[in-house]
Amino acid sequence: MAGAGSERAPQLPENGAKAEGEAQPKEEATEEPVLPLIPPAVPEENSMVFNAYAMAASKRKREKGSGGGGGQDGASAAFYVDRRKSKVWNYYTKLGDAYVECNVCKKQLSFHNSTTTMREHLVRKHSIRDTLLSQLRDDQSAESDSSAQENAGKRSRQMTPPENVYHAAPCSDPRSDIILELLLEMIFRDLHPLSVVKDKGFGLLVGYLEPNFALPVPAQLAGMLRHRYTVMKRQLERYLQPAQAVVLCVELWPSLLGPLYRSVSACFIDGEWRRARCALETRPAPEGEGEAGEGLCAVLSKFGASGKAVFCVMRDAAADAAQPQGWSGLCCAARTLHRCVAAGLEVEQVREALGAARGIVRYFQQDAKATGSLNGKLEATKRTRLSLALDAEARWLSTAEMCESLLELKWAVMAVLEEHPEGAAAAPRLADGQWKLLQDLVGVLRTVRIAVAFLREEQNASISSLLPCVHGVAAAIGQQAEEAGTGAVIRTVVGNIRAELRRCWGSAEDEKVLENPAVIASFLDPRFKELRFLSPALRNELHQRVKTILSQISNPQAPAGGRFWTLCWDYKAEGGEGNSQPPAPKEQSASAAPQSPYDILLGKDPTESMPEIHQQLENYIVEPLCKRSTNPLDWWKNNEHRFPAVARLSRHFLAIPATATPPEQAFATGESALQHRRAGLAPENLDQILFLHQNFDFLDVVRRGNDPRHRALR
C-alpha cells in the first residue's frame, strides 16, 4: 500500500551497492498529502485535455526512444512502454526497481509499486488541476492485470463525449487539443470575445510559440463554449438541489453594444454552512414589470430550483415592484448607502466646494509643468506615494478619496499655484472656509467608509451585519455634528444623511423596522442577537414574531416555496402581540394533569407547556454573545445540533447578502477592468462566458471541499 510505503526509507539493491549512474532520490514518493479528486459521478470534459496531453507526451517519448536505435536508450524506451499500465507513466521514467524520475522537473521519487504519489506530485509541483488529474484515476488492480491496456482503452472511450460538438474536424495532434482548451479557458476567465482569435497580434504570438498550430475560427470556439457550459450547468443544478432557501440577486448593467443587461445570481447556504454565490443567467433586461417577475421564475425553473423559498435582492429600488407573488423585494445596501450619502453631498455649499476641488485636480492632470513642480516638491519631502485623484461623481467613495488626497497635498498644491500664477489663473481656487468645509466633510465620510470596510469583510457579507452597522453610522456622525466647532453646513449634511438612513432602514422607535428581514437576520446572528439598535419594546415584539415563524415553519402543513416569506410577516394576523403561544390541545383539561402544590404559590411552570422549538429559542437567547470577528456560519455549523429549529431559520435568513453583487465590487471606487470587458462581449456568447467566469473556480472548490479526504486534511 502507498501509505505503508511512505514510512519506509529508500531501498538500495540487494547487494548493498548503489547502481552505477543511479542518482540518489531527493524525496520520498509519499511525503506529500493526498489531494482531493472529483467524485466519479461528476462529468468532466477536461479529461479530453489531459488524455490528449498524455498522448502527446507518450508520442514524444517514443520518438526519442526510437531515435537512439538501440543500446541502453532503446532498451529503456522499450522497458518504459512495456511496463507502464497507467497514464501517469507518461510523466515518469523508471530508475531501477525502487525509483522514478519526473520528466518535467527531473525530481526523483521512491517507487513502491503504486502510482498514487506520482499523481500527487503532478498536482502539487506542476499545478495540474484536480479536474484533469481525476481522469487519471486508475484501478489498482489494473496494475497487476495482464489486460490492463485493453481496460484503459475502454475507459478512455467511455470518457469521450458521444458527440464532439466543437471540433470542426478530427485533430491529428493531441497538443492542439490542449491549446484549444486553454484558449477557451483564457476567454471565459479573462472575459475576452471569441473574436480574439482573429486579432493579428494574438495570431503572431501563437504562431511564434506554436508554429504548427492552426488558430480556430470563432464558430469552433462557440461550440466548445456551449459544451463546457452544459457540463458546468449540470454540476450547478446538483449543487442547488439540497439548498433550503435561495436568494436571487439581480444586477442591471449597460452594454457598450446597445442593450441594458440583467445578471441573475443565486445566494444560499449549503449543507456545510458555506456561503455560495453562483451566476445563473445574463439576458437583456425586460421592459415590463410582469416580464421581469416571470423571467426570474423561469431562471429558477431552468436550474431546477423553482420550489425553493426565495428572497429577491434588487440593485436599485425601482425594481422592487417587479416581484413574483409571495417574494420580498430588497435593495442593495451599497446602492442605498450611496443614495444616503448623496443626500448630504447635495447641499449647495458642499457642491460648490467639491466643484472647485475637481477643478484643481483637473488642472494638475492637464498641465504638465504644474504636475512636474508638484512631483518635485513631493520628492524633496519623500512623499512620492501621494498623488491627486479625480473622483467619479456617481461613486461617493471616490469623492472621499479625492478630498483626502487634496487635503494631504494642500501645502504643495498652494505652493505650485503661487509659483505659476499665469497658468494657475484658469484653475479654481478654494477659499479658507471651503478648505475647512472639506476637512469636516472628510471626517464624516471617513466614518461611513469604516462601515463600508466592515461590510466588505467575509464574515459580514450577510444582511445580518447591515442594521447594526447602519445605526452605528447614524449615531457616530450625529456625535460629530454636535462637537464644538462644527459648522452649520456640516450639521445640515449630517442631518440629511441621517434622515435618509432612517427612511431607507427605519429607526429604533418605528415599528415598521420589524418588517425588514435584516432585523430577523441580525437576531439570528450570534454576534448581534441582543439587537441593541432596537428599543426594548420592539425587541420583545421581535422575539414573539420569531416564535410565531418557528411555529409556522415547523407545521408540516405549512405552504412551501415562496409562501414561506409571506408567513414571516403574518404575525399580527394570526394571533397578535399577546397571543404568541400556540393554543393548548383541545383534549387537554384541568383534570388531565395533576396540579403541583407549588403551582398554588408560583403559578404553573411555563416551561412545561412551552413547545420544544420555543425552548430552543429561549436557550439561544441566553447564549453568550460571540466576538465580532466570528463568522456566524461557523458558529451555527458547530451549534446546529443544539438549536435545530432555530438553525433551520438561520439558514434561510443568513443566506440574504447585504449587496446584490459581491461586496468588493459593490463598494468599489470605480469599475474594474473585467467590468469593462464584460460590457464589450457579443450578445450571443455573453451568457455562457459570464456563467463560466463566475462559477468555474467556485464549483471546483466545492468539489474539493466535498471530498472526504480533503475534509480530513482541513
Side-chain angles (χ1 to χ4, degrees), residues 334-335 337-367 370-371 373-375 377-378 381 383-418 424 426-456 473-474 476-481 483 485-498 500-501 666-671:
R335 180 61 61 91
L337 193 60
H338 171 77
R339 290 201 302 267
C340 296
V341 176
L345 300 182
E346 285 299 316
V347 177
E348 183 177 359
Q349 295 90 331
V350 174
R351 287 193 292 108
E352 292 176 356
L354 291 178
R358 294 186 186 102
I360 293 177
V361 175
R362 290 194 187 98
Y363 166 72
F364 279 93
Q365 289 181 344
Q366 297 170 2
D367 192 302
T371 302
S373 299
L374 180 62
N375 292 336
K377 294 182 180 300
L378 295 180
T381 57
R383 296 186 180 183
T384 54
R385 62 177 182 84
L386 301 177
S387 62
L388 295 176
L390 186 64
D391 70 330
E393 296 187 34
R395 297 178 181 265
W396 68 270
L397 283 169
S398 63
T399 301
E401 290 184 355
M402 180 189 71
C403 294
E404 287 183 352
S405 64
L406 187 60
L407 289 169
E408 288 180 348
L409 298 178
K410 176 184 176 181
W411 61 274
V413 168
M414 298 295 292
V416 173
L417 293 179
E418 292 177 359
R429 295 300 181 100
L430 281 168
D432 293 340
Q434 290 178 320
W435 283 107
K436 176 65 166 58
L437 178 59
L438 291 182
Q439 184 73 45
D440 295 340
L441 181 64
V442 164
V444 174
L445 296 183
R446 186 177 292 119
T447 301
V448 188
R449 290 180 65 182
I450 294 174
V452 169
F454 177 78
L455 294 175
R456 291 186 65 171
V473 168
I477 63 176
Q479 293 178 358
Q480 290 177 350
E483 293 178 357
T486 303
V489 177
I490 290 298
R491 287 196 294 270
T492 303
V493 170
V494 171
N496 291 352
I497 295 177
R498 296 185 69 186
E500 194 67 17
L501 290 174
F667 293 113
T669 56
E671 291 187 352

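Predicted model only: the values in this text are computed from it and were never measured.
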Item to complete: Sequence neighbours left out, what passes salt bridge (charged side-chain N to carboxylate O under 4.0 Å, His left out) with Lys410? Give chain and number order.
Response: none
Practice prompt. Not counting sequence neighbours, which residues clear side chain to side chain contact (heavy atoms under 4.5 Å, CB included) with Glu671? List them please.
Written response: Arg395, Gln675, His676
Practice prompt. Return the minimal non-hydrogen interatomic distance between Val493 and Gly344, and the atom names on each side.
Written response: CG2-O, 3.5 Å
Fill in: Beyond-backbone contact of Leu406 with Met402, side-chain heavy atoms, under 4.5 angstrom
no
Item to complete: In sequence, state the C-alpha distance, the side-chain angles, and the governing distance for Thr492 and Gln349, and then conclude on side chain to side chain contact (heavy atoms under 4.5 Å, CB included).
Response: CA-CA 10 Å; Thr492 303; Gln349 295 90 331; over 6 Å; no
Worksheet item: Residues two or more places apart in sequence or in another chain: which of them pass side-chain hydrogen bond (donor to acceptor under 3.5 Å, both in side chains) with Thr447?
Response: Gln480
Response to the item:
Those residues at least two apart in sequence (or on a different chain) that pass salt bridge (charged side-chain N to carboxylate O under 4.0 Å, His left out) with Glu346 are Arg351
Worksheet item: Nearest heavy-atom pair of Val361 and Leu388: which atoms, and what distance?
Response: CG1-CB, 4.2 Å
Discussion item. Please enumerate all residues that pass side-chain hydrogen bond (donor to acceptor under 3.5 Å, both in side chains) together with Glu401, with sequence neighbours excluded.
Written reply: none
Discussion item. Within this structure, what is the SG-CG distance for the pair Cys403 and Leu354, rounded to the nearest 0.5 Å?
Written reply: 5.0 Å
Item to complete: Taking all non-hydrogen atoms of both residues into account, name the closest pair between Leu337 and Val448 and its distance.
Response: CD2-CG1, 4.1 Å
Validation: residues 436-445 side-chain donor-acceptor distances under 3.5 Å, sequence neighbours left out:
{"residue": "Lys436", "atom": "NZ", "partner": "Asp440", "partner atom": "OD1", "Å": "3.1"}
{"residue": "Lys436", "atom": "NZ", "partner": "Asp440", "partner atom": "OD2", "Å": "2.6"}

Discussion item. If I compare all heavy atoms of Leu430 with all of Ala357, which pair ends up nearest, and what's the gap?
Written reply: CD2-N, 4.3 Å
Worksheet item: Do Phe364 and Asn375 come close enough that some side-chain heavy atom pair is under 4.5 Å?
Response: no
Worksheet item: Can you list the residues that meet the salt bridge (charged side-chain N to carboxylate O under 4.0 Å, His left out) rule with Arg362, with sequence neighbours excluded?
Response: none
Worksheet entry | Results of side-chain hydrogen bond (donor to acceptor under 3.5 Å, both in side chains) for Arg358 - residues two or more places apart only | Asp391
Fill in: Close side-chain approach of Phe454 to Ile450, heavy-atom, < 4.5 Å
no
Worksheet item: Which residues pass the side-chain hydrogen bond (donor to acceptor under 3.5 Å, both in side chains) test with Arg449, sequence neighbours left out?
Response: Glu404
Fill in: Residues which pass salt bridge (charged side-chain N to carboxylate O under 4.0 Å, His left out) with Glu500, listed by chain and number, not counting sequence neighbours
Arg503
